[in-house]
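To start, the structure under review is shown below, and the notes come after it.
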Amino acid sequence: MEKKSSKIFFLRLLCILFMNPLVSCQLDYKFYDDTCPSLTKIVRLGVWSAVANETRMAASLLRLHFHDCLVNGCDASVLLDDTSTTKGEKNALPNRNSARGFEVIDNIKANVEKACPSIVSCADILTLAARDAVFLAGGPFWPVPLGRRDSLTASESAANQQLSSPIEPLENIIGKFTSKGLDIQDVVVLSGGHTIGFAQCSTFKTRLFNFSSTGQPDPALDASFLESLQSICPNQVDSDTNLAPLDSATTYRFDNAYYTNLLNNSGLLQSDQALTGDNRTASTVLNYSKYPYLFNKDFGASMVNMASLGVLTGKDGEIRKNCRVVN
């Protein structure tokens, strides 16, 4: 008995000393090995099928995971539908008519439930799906600690307050990240998720025609890039929902071209381009543009950091049977 207690103490000590400080020691890389051994295969197949059907879905799943974790933690709150008494996160301004991939998670969850009823959380499924989406797009693969549980509620106001805007000052964005326990490097490396995906013209159109109410384009934009964007997003209201690639160089491939674009003044979003103009972030942008291996390594580490924010474990929350509604 004394040996067993000593072993438990030693394992906890290792957890405290050597694990990433943001990774909850209640999460476990082997959490479902006995209770749902087919989990990772089911998720990977579901993501592969969705991305094969629509390449853009890889970016959508990654963004969905971001928008879950950065609002009160990684608890699948972003997946909840509104109810008669609760306004959830799906219709918050950063998500309305832009968050995608809910049906993909629904399908994966249904297949997981067939194999392992009431065992695996929607939060863990979304975390694994984001990792697999990045990998299928040509990006890194990283181990994911599991054991998250699902929230019992969601908050539209929290999503509006906690998610960053593409026109928000970098100082504010850094403040939102650091308030959650992330750091400035996490800001730079997780912004690299914009190496895949698209943005609606409404999120950057002021840069093209009326930057900072000057009546002129953003002077930081490369001239040929500006011309290309103005053809996609003409200065009229009905172009607001048109889409432009976040990384025009390698639109569907997860790589470090995003950082090269920033150095060439071809960052699509104002919040992205701002990374080159701040002494705290510019050198990291330069390093990632030069060293793709470094970006891939750091991206995986930062994803684990983010995926450990505010997690519900143990008896907190629940394991939803349907990701859209509480049990």
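What you see is a predicted model; the values in this text were computed from it and never measured.
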Going by side chain to side chain contact (heavy atoms under 4.5 Å, CB included), name the residues that satisfy it together with Asp240, two or more places apart in sequence or in a different chain.
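Side chain to side chain contact (heavy atoms under 4.5 Å, CB included) check on Asp240 returns Ser202, Lys205, Val237.
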How would you list, by chain and number, every residue that makes a side chain to side chain contact (heavy atoms under 4.5 Å, CB included) with Ala129, sequence neighbours excluded?
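Testing Ala129 for side chain to side chain contact (heavy atoms under 4.5 Å, CB included), a comparison that skips the adjacent residues, returns Val43, Val47, Ile105.
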Give the intermediate values and the outcome of salt bridge (charged side-chain N to carboxylate O under 4.0 Å, His left out) for residues Asp28 and Lys30.
CA-CA 5 Å; Asp28 188 339; Lys30 298 183 177 182; over 6 Å; no
Take atom CG in Asp34; do more than 12 heavy atoms of anything else shown fall under 6.0 Å from it?
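Open.
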Enumerate donor-acceptor pairs with a distance under 3.5 Å from any side-chain N or O in residues 132-148 to protein atoms, sequence neighbours excluded.
{"unit_1": "Arg148", "atom_1": "NE", "unit_2": "Ala307", "atom_2": "O", "d": "2.9"}
{"unit_1": "Arg148", "atom_1": "NH1", "unit_2": "Asp124", "atom_2": "OD1", "d": "2.6"}
{"unit_1": "Arg148", "atom_1": "NH1", "unit_2": "Pro145", "atom_2": "O", "d": "2.8"}
{"unit_1": "Arg148", "atom_1": "NH2", "unit_2": "Pro145", "atom_2": "O", "d": "3.1"}
{"unit_1": "Arg148", "atom_1": "NH2", "unit_2": "Ala307", "atom_2": "O", "d": "3.0"}

Out of Leu126, Asn72, Leu70, which one pairs with Val78 under the side-chain contact (heavy atoms from CB on, under 4.5 Å) rule?
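Running side-chain contact (heavy atoms from CB on, under 4.5 Å) over Leu126, Asn72, Leu70 with Val78 returns exactly one hit, Leu126.
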Decide yes or no on side chain to side chain contact (heavy atoms under 4.5 Å, CB included) for Thr203 and Leu269, but give the supporting numbers first.
CA-CA 7 Å; Thr203 62; Leu269 302 181; 3.7 Å; yes
With sequence neighbours excluded, what pairs up with Phe177 under the ring pair (Phe, Tyr, Trp, His ring centres under 6.0 Å) test?
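By the ring pair (Phe, Tyr, Trp, His ring centres under 6.0 Å) rule, Phe177 matches no residue at all.
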Sequence neighbours excluded, which residues qualify as ring pair (Phe, Tyr, Trp, His ring centres under 6.0 Å) partners of Tyr32?
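By the ring pair (Phe, Tyr, Trp, His ring centres under 6.0 Å) rule, Tyr32 matches no residue at all.
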Trace of the salt bridge (charged side-chain N to carboxylate O under 4.0 Å, His left out) decision for Lys90 with Asp82:
CA-CA 8 Å; Lys90 288 183 176 179; Asp82 289 356; over 6 Å; no
Walk me through whether Ile167 and Phe204 qualify under side chain to side chain contact (heavy atoms under 4.5 Å, CB included).
CA-CA 8 Å; Ile167 60 172; Phe204 60 87; over 6 Å; no
Could you pull out every donor-acceptor pair under 3.5 Å between side chains of residues 285-292 and any protein atom, sequence neighbours left out?
{"unit_1": "Asn287", "atom_1": "ND2", "unit_2": "Ser283", "atom_2": "O", "d": "3.4"}
{"unit_1": "Tyr288", "atom_1": "OH", "unit_2": "Asp298", "atom_2": "OD2", "d": "2.7"}
{"unit_1": "Ser289", "atom_1": "OG", "unit_2": "Leu286", "atom_2": "O", "d": "2.6"}

I'd like to check Ile108 versus Val112 (side-chain heavy atoms, cut-off strictly below 4.5 Å). Are they in contact?
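Ile108 reaches Val112 side chain to side chain.
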Looking only at heavy atoms, what is the nearest atom pair of Val120 and Glu113, with distance?
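Here Val120 and Glu113 meet closest at O-OE2, 4.4 Å.
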